[in-house]
Amino acid sequence: MQEEIKLFDSELKVMNVLWNEGDLPAKQIADKLTRDIGWNKNTTYTLIKRCIKKGAIERIEPNFVCRARILKETVQLAETNELIGKIFDGSVNNLFAALLGRKELSDAQIEKLRKMVDELE
């Protein structure tokens, strides 16, 4: 089991590139984030180095290739647990009530949720 690493939103943008594209040189990550969100190269390199220090990214030489050391699912679970704890008083029921109360779900989405709940029982 991976240890929990707290990542900030900007660091998650870097991680999403790696999760979506696989191992990449830091330069390609910087180029992509410059195109997609307008960051300059130095910003991206600073965030990559922060992720390396936290243990979220492994640096591979030559060419400063970056590899994700944590799974997206691990981060999603940790963030979900934090959200439930902070905003919904630790209650999954309160989270689902808030989501379902939005009434923007299609019939297909509702049926998919029913199947997911059935599988848990």
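We're numbering straight along the sequence, starting at 1. Just the heavy atoms: all of them, side chains too, but no hydrogens, waters or symmetry mates, feed the values below.
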Between the CZ atom in Arg50 and the CD1 atom in Ile52, the distance rounded to the nearest 0.5 Å is 12.5 Å

Are more than 12 heavy atoms, taken from residues, nucleotides or ligands other than Asp107, located less than 6.0 Å from that residue's CG atom?
no

Please determine whether the number of non-hydrogen atoms from other residues, nucleotides or ligands lying under 6.0 Å from atom NZ of Lys6 exceeds 12.
yes

Using the rule given for side chain to side chain contact (heavy atoms under 4.5 Å, CB included), can you reason through Thr44 versus Lys32, listing the C-alpha separation, both sets of side-chain angles and the distance that settles it, and then say yes or no?
CA-CA 10 Å; Thr44 302; Lys32 177 164 181 45; over 6 Å; no

Under a 4.5 Å side-chain heavy-atom rule over Ile, Leu, Val, Met, Phe, Trp and Tyr, are Phe96 and Phe88 clustered together?
yes

Treating Ile, Leu, Val, Met, Phe, Trp and Tyr as nodes and any side-chain heavy-atom pair under 4.5 angstrom as an edge, say whether Ile70 and Phe8 lie in one connected cluster.
no

Going through the distances and angles, do Leu7 and Lys54 end up as a side chain to side chain contact (heavy atoms under 4.5 Å, CB included)?
CA-CA 9 Å; Leu7 297 173; Lys54 289 182 176 186; 4.1 Å; yes

Find out whether Val65 and Leu24 are in side-chain contact, i.e. whether some heavy atom of one side chain is under 4.5 Å from a heavy atom of the other.
no

Shortest non-hydrogen contact from Glu11 toward Cys51
CB-SG, 3.7 Å

Please say yes or no: joined through hydrophobic side-chain contacts below 4.5 Å, possibly via intermediate residues, are Ile84 and Leu77 part of one cluster?
no

Quick check: is Val92 connected to Ile87 through a chain of hydrophobic side chains (ILVMFWY, heavy atoms under 4.5 Å apart)?
yes

Apply side chain to side chain contact (heavy atoms under 4.5 Å, CB included) to Arg114 and Ile110, showing your working.
CA-CA 6 Å; Arg114 277 194 183 110; Ile110 292 168; 3.5 Å; yes

To the nearest 0.5 Å, how far apart are CG in Leu47 and CG in Asp9?
11.0 Å

Residues Arg35, Asp31: salt bridge by 4.0 Å N-O rule
no

Quick check: closest heavy atoms across Arg67 and Leu18, and the distance to 0.1 Å?
C-CD1, 4.3 Å

Between Trp19 and Leu12, is there a side-chain heavy-atom distance shorter than 4.5 Å?
yes

Is it the case that the side chain of Thr43 and the backbone of Trp39 share a donor-acceptor pair, with hydrogens and angles ignored and the cut-off at 3.5 Å?
no

Do Thr34 side-chain atoms and Ala30 backbone N/O form a donor-acceptor pair below 3.5 Å?
yes

To the nearest 0.5 Å, how far apart are NZ in Lys13 and CG in Asp36?
10.5 Å

Taking every non-hydrogen atom, the tightest pair across Ser91 and Asn94:
OG-N, 3.0 Å

Looking only at non-hydrogen atoms, find the nearest pair between Ile57 and Cys66 and report the distance.
CG2-CB, 3.8 Å

Heavy-atom side-chain contact between Arg59 and Phe64 under 4.5 Å
yes

Looking only at non-hydrogen atoms, find the nearest pair between Ala56 and Met15 and report the distance.
O-CE, 3.5 Å

Are Gln28 and Glu21 side-chain neighbours, meaning at least one heavy-atom pair lies under 4.5 Å?
no

